[in-house]
Protein chains: 2
Amino acid sequence: MTEVPVDEIVRDCLAVRVRLIGRAVTALYDGALEPHGLTVAQVNLLAALGKVGPCPPSKLGEVLQLERSTVSRNLNLLQNRGWIEAVASDAKGMREVALTRAGQTKIRSVMPEWRQAQRQAAQLLGAPGVAAVQEVASNMGYPPDA
Amino acid sequence: MTEVPVDEIVRDCLAVRVRLIGRAVTALYDGALEPHGLTVAQVNLLAALGKVGPCPPSKLGEVLQLERSTVSRNLNLLQNRGWIEAVASDAKGMREVALTRAGQTKIRSVMPEWRQAQRQAAQLLGAPGVAAVQEVASNMGYPPDA
DNA sequence: ACACAAGTGTTGTATATACATCAAGGGGCG
DNA sequence: CGCCCCTTGATGTATATACAACACTTGTGT
């Protein structure tokens, strides 16, 4: 085999590795959160909303660096399940969203499983990996103020 | 605000950070590869296939740690575009796949853009980040022999 | 040979995500 | 006031991904 370009990609590609690690970490959290009927993407959207307080969807996209359309669809899921509500809207949709009482309670209820997944993820990444992840994310502006 | 559980998640969550970094890195490669009509997921599937040689789809799932169904659908895309072919199949589908001539040529053609994205990703991650990514992936068994 | 278990590919369904497009709103300017 | 542009939310389309269910293959044991 040993076709040169293919070897270079397999040997060095950062994307395949970052994506592999992302899938594994996501699976850790999603597995732990599964009894709650929430995914880690959903928990983080709820947490961002809880942190910044009632705001337009665009603000959440800014904070999490997600596309408008992604935020729109993920918010719909959470709204359908009653974890968030539109506190202002018009013909074109939600203008401002907020956690519901149920949503706040829900986040509190998932914390034990979230912490368990967080510990497993830290173990998977190792201390240098955890430090690097925090550092790179911080350089990318997450969290917003850090 | 400062609802305690929400603060803990925003402050510490490894998942939101790993996923954020994954989206950014993926966007770097996908943007660079876009003129070729390939995504980084597709390039890495082609590269894995080129590396291991003709093999059943399950082998690719093992190497890339992807679910069977994910491999199945991604292979279909590549087959429709002529980059891979089924060299053995039965009533239930592809039993063995291989790069086509066109697929081999294609991979060679994307290398300049792949290298450009690789440099940008290395810059985004920083030297410690790159080292951590390589180390963690290696501990997870990627690449298969390393 | 036969029956059953294990493995594998596909397909249905669901979420996460992005880009392009459309429609509605809001501001500024003549 | 009326018009244009920019922002923004939604929706169509596409890829990436996983889990569950189904179907076929294969291997194993008796």
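If you're wondering where the values come from, they're calculated on a predicted model, not measured in any experiment. Note on naming: letters A, B, ... go to the chains in the order of the sequence lines (proteins, then strands), and numbering restarts at 1 for each one.
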Could you tell me whether the side chains of A:Tyr29 and A:Gln118 share a donor-acceptor contact shorter than 3.5 Å? yes

Is A:Gln42 near enough to C:dA16 that one of its side-chain N or O atoms lies under 4.0 angstrom from OP1 or OP2? yes

Whole-Å distance separating the NZ atom of A:Lys59 from the C1' atom of D:dG9: 18 Å

Please report the shortest heavy-atom distance between B:Ala137 and A:Ile21, naming the atom on each side. N-CD1, 4.2 Å

Could you tell me if the side chain of B:Ile9 sits less than 4.5 Å from the side chain of A:Asn44, heavy atoms only? yes

Write out all pairs satisfying salt bridge (charged side-chain N to carboxylate O under 4.0 Å, His left out) with one or both partners inside residues 16-25 of chain A, taking only residues at least two apart or from two chains. none

From D:dA21, C:dA18, C:dA16, pick the nucleotide closest to the side chain of B:Arg68? D:dA21

What's the closest nucleotide to the A:Arg95 side chain, out of C:dT11, D:dT8, D:dG12? D:dT8

Applying a 4.0 Å non-hydrogen cut-off, can you work out what A:Ser69 is touching in the nucleic acid: base, sugar-phosphate, or nothing? base

Over how many whole Å does the gap from B:Arg23 atom CZ to D:dT15 atom C1' extend? 16 Å

Identify, residue by residue, the members of residues 70-94 of chain B with a heavy atom below 4.0 Å from DNA chain C, and return them in order of residue number, or none. B:Ser72, B:Arg73, B:Lys92, B:Gly93, B:Met94

Could you please name the option among C:dC19, C:dT17, C:dG9 that lies closest to any side-chain atom of A:Glu67? C:dC19

List the atom of A:Pro5, the atom of B:Arg108, and the distance in Å for their closest heavy-atom pair. CG-CG, 3.3 Å

